Amino acid sequence: MTELKTTLPAQAAPRSYGGKSAEERQAARKQALVDAAVHLFGEQGFAAVSIDAICSQAGLTKRYFYEAFPSREALLTAAYESATREYMQSILAAVAPYLMDARKLVRAGLQESFGFVKRNPAKARLILIEAMSVRGQLGEMYGERYDAFVDLMLQFTRPFLSGPKVPDKVLRVMAKSAVGVIIHLCQSWIATDFKQPMAELVDGTERVFGGMGRELGVKGYA
C-alpha cells in the first residue's frame with residue numbers, strides 16, 4: 001500500500017515592499033504624521049488643525065492615523081516631544097566642543113538656542129508658544145520637558161562651580177530662572193517676527209548668565 005504523506009504549507013514570510021518590512025513602513029508612517037503635526041500645530045495652532053489636515057499633510061489616510069495614534073491629543077504629545085528632543089540635541093551638539101570653557105560653552109549654547117528658533121520657526125512656535133496654551137492636553141509631558149531643560153542647565157553648570165557651595169534647591173531656582181529668560185526672549189522674538197538681531201539677544205543674555213556665573217563662582221566668570 002502506498003504510504004500517504006501529508007505536509008503542512010510553509011509559513012509565509014513577512015512581506016516587504018521597497019526593501020522595508022511591515023514594521024519599518026509602520027514606523028515611517030507614524031513619523032510622517034508626527035512631522036506633519038509639528039509643522040501644522042506650530043504654524044496654525046492645535047485647535048485649528050484637524051485629523052484630516054494632518055493626514056493630508058502626511059499623505060496618508062485616517063486608517064493609518066488611528067493605526068499610530070488613538071487621538072489628536074496623543075499625536076500632539078508625540079509632536080511636542082519630538083520637537084523638544086530635537087531642540088535639546090541641537091544645543092548639546094553645539095556646546096560639546098566647549099565643556100572645559102564656561103564662557104565659550106555659554107555663548108555656544110545661547111547661539112544655538114536662538115539659532116534653532118530662527119531656523120525652525122514652526123517647531124519653535126510649538127515648543128515655546130503653542131505649548132503654553134495646550135498644557136492641559138500635554139499633561140505631564142510639558143513639565144517633564146521643562147525639567148529636562150533645567151537639568152541640562154545644571155549639568156553644564158556644576159562642573160564649573162568653585163566658590164562656596166550653593167544649596168541644590170537654590171541652584172535649581174537659578175537654573176529655572178536662566179531657562180525662563182531664554183523662553184521669554186524667544187517668545188518675544190517669535191512674536192515680533194525675529195525683528196531684533198540675534199547677536200543682540202545672545203550678547204544680552206550672555207551678560208545675564210555671566211552675572212549668575214560670578215555669583216556662583218563659576219570658573220571663567222569669578
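All of these numbers come straight from a predicted model, not from anything done at the bench. Residues take their numbers from the sequence shown, with the count starting at 1.
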**Student:** So do Leu110 and Ile182 actually touch side chain to side chain, heavy atoms under 4.5 Å?
**Tutor:**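 In short, these two side chains touch, coming nearer than 4.5 Å.
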
**Student:** Roughly how far apart are Phe194 CZ and Cys186 SG, rounded to 0.5 Å?
**Tutor:**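 Reported value, rounded in 0.5 Å steps: 8.5 Å.
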
**Student:** Could you check if a side-chain atom of Phe156 sits within less than 4.5 angstrom of a side-chain atom of Leu92, using non-hydrogen atoms only?
**Tutor:**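 Yes, their side chains come closer than 4.5 Å.
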
**Student:** Given the rule that I, L, V, M, F, W and Y join up when any side-chain heavy atoms are under 4.5 Å apart, are Phe160 and Leu99 in one cluster?
**Tutor:**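 Same cluster.
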
**Student:** Would you say the side chain of Tyr221 lies within less than 4.5 Å of the side chain of Leu216, judging by non-hydrogen atoms?
**Tutor:**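 They are not in contact (no side-chain heavy atoms under 4.5 Å apart), so the answer is no.
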
**Student:** Between Val38, Val117, Leu128, Thr84, which is the residue that forms a side-chain contact (heavy atoms from CB on, under 4.5 Å) with Lys123?
**Tutor:**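 Running side-chain contact (heavy atoms from CB on, under 4.5 Å) over Val38, Val117, Leu128, Thr84 with Lys123 returns exactly one hit, Val38.
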
**Student:** Would you compute the distance between atom CD of Gln111 and atom CE of Met198 and round it to the nearest 0.5 angstrom?
**Tutor:**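 So the gap between those two atoms works out to 6.0 Å.
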
**Student:** Shortest non-hydrogen contact from Ala79 to Phe41?
**Tutor:**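 Closest approach of Ala79 to Phe41: CB-CD1, 4.4 Å.
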
**Student:** Between Phe149 and Tyr87 (judged by ring centroids, cut-off 6.0 Å), do the two rings come close enough to count as a pair?
**Tutor:**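 Between Phe149 and Tyr87, the centre distance is under 6.0 Å.
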
**Student:** Other residues, nucleotides and ligands only: do more than 12 of their heavy atoms fall within 6.0 Å of OH on Tyr146?
**Tutor:**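 Buried by this count: over 12 neighbours within 6.0 Å.
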
**Student:** Is any side-chain heavy atom of Asp151 less than 4.5 Å from a side-chain heavy atom of Arg172?
**Tutor:**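 SC-SC contact between Asp151 and Arg172 confirmed.
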
**Student:** Following the transitive rule for hydrophobic clusters with a side-chain heavy-atom cut-off under 4.5 Å over Ile, Leu, Val, Met, Phe, Trp and Tyr, establish whether Leu152 and Met100 coincide in one cluster.
**Tutor:**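 No; Met100 is not reachable from Leu152 via cluster members.
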
**Student:** So which heavy atom on Leu171 is nearest to which on Val166, and how close?
**Tutor:**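 Shortest heavy-atom contact: N-CG1, 3.9 Å.
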
**Student:** Keeping Arg72 on the side-chain end and Val49 on the backbone end, is there a donor-acceptor pair under 3.5 Å?
**Tutor:**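 Indeed, once roles are kept as given, a pair shorter than 3.5 Å links the two residues.
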
**Student:** How long is the straight-line distance from CD of Gln196 back to CG of Leu201, given to the nearest 0.5 Å?
**Tutor:**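 Rounded to the nearest 0.5 Å, the CG-CD separation comes to 4.5 Å.
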
**Student:** Shortest non-hydrogen contact from Ser177 to Met212?
**Tutor:**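 Here Ser177 and Met212 meet closest at CB-CE, 4.0 Å.
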
**Student:** Looking only at heavy atoms, which two atoms of Val95 and Ala108 are closest? And how far apart?
**Tutor:**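 Looks like CG1-C, 4.2 Å.
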
**Student:** So if you build clusters from Ile, Leu, Val, Met, Phe, Trp, Tyr with side-chain heavy-atom gaps below 4.5 Å, do Tyr66 and Leu60 land together?
**Tutor:**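 They do share one cluster, since a chain of ILVMFWY contacts under 4.5 Å joins Tyr66 to Leu60.
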
**Student:** Can you tell me how far CD1 of Ile127 sits from CD of Glu86, rounded to the nearest 0.5 angstrom?
**Tutor:**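 Those atoms lie 8.0 Å apart.
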
**Student:** Quick one: do Val134 and Met132 end up in the same hydrophobic cluster if we chain Ile, Leu, Val, Met, Phe, Trp and Tyr together by side-chain heavy atoms under 4.5 Å apart?
**Tutor:**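 As far as the 4.5 Å side-chain criterion goes, Met132 and Val134 are connected within one cluster.
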
**Student:** Do Ser113 side-chain atoms and Gly109 backbone N/O form a donor-acceptor pair below 3.5 Å?
**Tutor:**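 Checked: pair present.
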
**Student:** Rounded to the nearest 0.5 Å, what separation is found between the OG1 atom of Thr77 and the CE atom of Met141?
**Tutor:**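 Rounded to the nearest 0.5 Å, the OG1-CE separation comes to 6.0 Å.
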
**Student:** Decide, yes or no, whether a salt bridge links Arg119 with Glu112 under the criterion of side-chain N to carboxylate O below 4.0 Å.
**Tutor:**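 Between Glu112 and Arg119 there is a salt bridge, with a charged N closer than 4.0 Å to a carboxylate O.
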
**Student:** With a 4.5 Å cut-off on side-chain heavy atoms, are Phe116 and Ile91 touching?
**Tutor:**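 Side chain of Ile91 against side chain of Phe116, heavy atoms only: no contact under 4.5 Å found.
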
**Student:** Between Arg107 and Asp203, does at least one N-O distance fall below 4.0 Å, as a salt bridge requires?
**Tutor:**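 Answer for the salt bridge query: yes.
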
**Student:** Can a donor-acceptor pair be found, under 3.5 Å and without considering hydrogens, that links the side chain of Ser133 to the backbone of Glu130?
**Tutor:**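 Yes, because the side chain of Ser133 sits within donor-acceptor range (under 3.5 Å) of the backbone of Glu130.
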
**Student:** Are Met153 and Phe209 side-chain neighbours, meaning at least one heavy-atom pair lies under 4.5 Å?
**Tutor:**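 Side-chain contact under 4.5 Å: yes.
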
**Student:** Tell me whether Glu200 contacts the main-chain N or O of Pro197 through its side chain, where contact means a donor paired with an acceptor under 3.5 Å.
**Tutor:**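 Checking the backbone N and O of Pro197 against the side chain of Glu200, no donor-acceptor pair under 3.5 Å is found.
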
**Student:** Return the CG to CG distance between Leu33 and Leu75, rounded to the nearest 0.5 Å.
**Tutor:**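 It is 6.5 Å, given to the nearest 0.5 Å.
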
**Student:** State whether the side chain of Asp101 and the backbone N or O of Arg103 hold a donor-acceptor pair below 3.5 Å, judged by distance alone.
**Tutor:**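 Looks like yes, one N/O pair under 3.5 Å.
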
**Student:** Check Lys219 against Pro159 and note the closest heavy-atom contact, atom names and distance.
**Tutor:**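 That would be NZ-O, 4.3 Å.
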
**Student:** Keeping Ser56 on the side-chain end and Asp52 on the backbone end, is there a donor-acceptor pair under 3.5 Å?
**Tutor:**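 No, the answer is negative, given that no donor and acceptor are paired below the 3.5 Å cut-off.
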
**Student:** So which atom in Ala102 and which in Val218 form the shortest heavy-atom distance, rounded to 0.1 Å?
**Tutor:**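 Smallest heavy-atom distance, with atoms named: CB-CG1, 3.8 Å.
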
**Student:** Between the side chains of Gln31 and Asp35, is a donor N or O closer than 3.5 angstrom to an acceptor N or O?
**Tutor:**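 There is such a pair (donor and acceptor under 3.5 Å, judged by atom type) between the side chains of Gln31 and Asp35.
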
**Student:** Could you check whether the rings of Tyr80 and Tyr142 sit parallel, tilted or perpendicular, using 30° and 60° as the cut-offs?
**Tutor:**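 It falls in the parallel class, under 30°.
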
